[in-house]
Amino acid sequence: MPETAATESAEQRAPKIATGDRAILPEGARTIPIYVMGKKYDVPETLTIMKAMEFAGFKFIRGAGCRGGICGACPTVYRKAGDYKLHFGLACQTVVEPNMYLTQIPFYPANRTSYDIEEIEPTAESIHALYPELFRCVACNNCTKACPMDVEVLDYISALKQGDIEEAARLSFDCIQCGLCASRCMGELPQYHIAQLARRLYGKYVAPRAEHLRKRVEDIESGKYDNILKQLLEMDKAELERRYGEREREPDLAPPGEWKPKEIQYL
Amino acid sequence: MKVSYYPGCTLKTKAKNLDDAAVASMAALGIELEELPRWNCCGAVHSLADDDLIHQVAPVRDLIRVKEQGRDKVLTLCSMCYNSLARANLLMRDDEEKRETINLFMDEEMDYAGEVEVVHFLNFLKDEIGWDKLRDQVKVPLNGLKVAPYYGCTLQRPRDVAIEPPGRFELMTQFLEALGATAVHFPAADLCCGSYQILGNPDAAKDAAATILEWAEKAGAEALVLSCPLCEFNLGKKQGALFEEEKIMKMIPTFYITQLLAIALGLNPQVCHFELNDQASVLLLKSKGYPIEFERDAA
């Protein structure tokens, strides 16, 4: 109806009032209806799904982790009223919309095979042997559509069928192991575990080694830091605090790469 | 000239000898095979169940990738990939109801109605290059090499996707003759190699393969040429076992079409990855005394 449309656009033009964590809303803040597991809650329009659920009274003891969009603990599925599409997002990153119907899927069962990374070879055949269900993929693409990180999941699965571990590692790099791909897979693949194996093989056998890291590990193993570490462990709190206060530190506005400390015996 | 190219999963792993020799040969003929971006498995075996549309999604998605490139043609090589892509293409072209169902399901992709043409490597050689021009490009004529052209099941079945009418074997014959080889006809050119029975019923598969090799030998062939990694597995890689089990009395080395093409075009044999064939294949070529530098194989 045109009348509703006019009202909505007027509402959309009104400024949004950020509410933060406040349980009592500031003047002018508006609420919108969302549906959590089928039950309606009115929540401030500026919140993420996770904050909105907490506003509504939910308390997370699982299904919440970093709250920064990287730990993969809070994958959420939702539909919007009148839209057949399933939408996916992280509860800690996705802002609520009016009339969204959501549920969190913090965990989805997916088998992870065990292997000894020292024993297996960095070949596609190793991955095929550990995860033969890889070949149940029918390229339906539900995995890619479900990924809240916009990883091209079907493409990395295809790369592995084609024996390209490096490409699979590259394509799956942004994966946060939330499991939504596996929840939607009609071939019942545990995509994210397979991708993790690909990245491990890539990291261990394919990617060039970091020379500076090797040298530092050598230094540590040679005992270069044993003495100073022992001294630190034996210091009392006052001495530690004094040392911390007097430590050399890079000035905040020093041009990058130009500052050098005076004490360099441990570098 | 650039052509969209669908290699297929096996060509990227166990059949690199089919893939690399194709890309190098086409480059020598002035054709750049441009591998499709973001291709997935073709589905391998065309599903015959009438309502099993989900198994058409994989090949259709590949055809959409071709359309996205603005190309109207995709070249492919593996007999299985050719068959499943071509059959999915026909379905999308001819069956309005199924086309709509599949397009609705794949709502993240552009609609597809069979606009792309799926072309097998041999037909591309014949139509876009031509046998005469190919003959002119041959640097190492395979004179005296007697080769049985083996089609297997999926290049000619079913009729509406056949690379040439079933029962005629002119494409491979003319191909071999353009390379200077002699095509030896035998009655097993379109018999099944044993296919996936090699997993569940290996004896039946071995018998099927032995029959084909025996017929080729009786017809006087020294070698078999084919375009399918599964046929190559049953007829080539398993051939040593067939010989040891006395299912065949003589080895008939196998080659991919693209390997013979690359050799005849005078390319470095490294592009043929003969290490992936039974060693009988390269030994046969060496015995023919063609001017080919095989030395680097040892390295």
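In what follows, every chain begins at residue 1, and chains take the letters A, B, ... in the order their sequences are listed.
Counting heavy atoms of neighbouring residues, nucleotides and ligands inside a 6.0 Å radius, atom OH of A:Y205 exceeds 12 of them. Residue A:K204 qualifies as enclosed at atom NZ: its count of foreign heavy atoms under 6.0 Å is above 12. Applying the 6.0 Å contact sphere to CZ of A:R62 captures no more than 12 heavy atoms from other residues, nucleotides or ligands.
Taking chain B as the reference chain and counting heavy-atom pairs below 4.5 Å, the highest number among A:A159, A:G163, A:C140 is found for A:C140.
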Heavy-atom donor-acceptor pairs under 3.5 Å, chain A with chain B:
{"from": "A:Y84", "atom 1": "OH", "to": "B:D107", "atom 2": "OD2", "distance (Å)": "2.3"}
{"from": "A:K85", "atom 1": "NZ", "to": "B:D107", "atom 2": "OD1", "distance (Å)": "3.1"}
{"from": "A:K85", "atom 1": "NZ", "to": "B:D107", "atom 2": "OD2", "distance (Å)": "2.9"}
{"from": "A:E125", "atom 1": "OE2", "to": "B:K14", "atom 2": "NZ", "distance (Å)": "3.2"}
{"from": "A:A139", "atom 1": "O", "to": "B:R61", "atom 2": "NE", "distance (Å)": "2.8"}
{"from": "A:A139", "atom 1": "O", "to": "B:R61", "atom 2": "NH2", "distance (Å)": "2.8"}
{"from": "A:C140", "atom 1": "O", "to": "B:R61", "atom 2": "NH2", "distance (Å)": "2.9"}
{"from": "A:N141", "atom 1": "ND2", "to": "B:E108", "atom 2": "OE2", "distance (Å)": "2.7"}
{"from": "A:K145", "atom 1": "NZ", "to": "B:E108", "atom 2": "OE1", "distance (Å)": "3.3"}
{"from": "A:E152", "atom 1": "OE1", "to": "B:R38", "atom 2": "NH2", "distance (Å)": "3.2"}
{"from": "A:D155", "atom 1": "OD2", "to": "B:R38", "atom 2": "NE", "distance (Å)": "2.5"}
{"from": "A:D155", "atom 1": "OD2", "to": "B:R38", "atom 2": "NH2", "distance (Å)": "3.4"}
{"from": "A:Q162", "atom 1": "NE2", "to": "B:W39", "atom 2": "O", "distance (Å)": "3.1"}

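Neither the backbone nor the side chain of A:I157 comes within less than 4.5 Å of any heavy atom of chain B.
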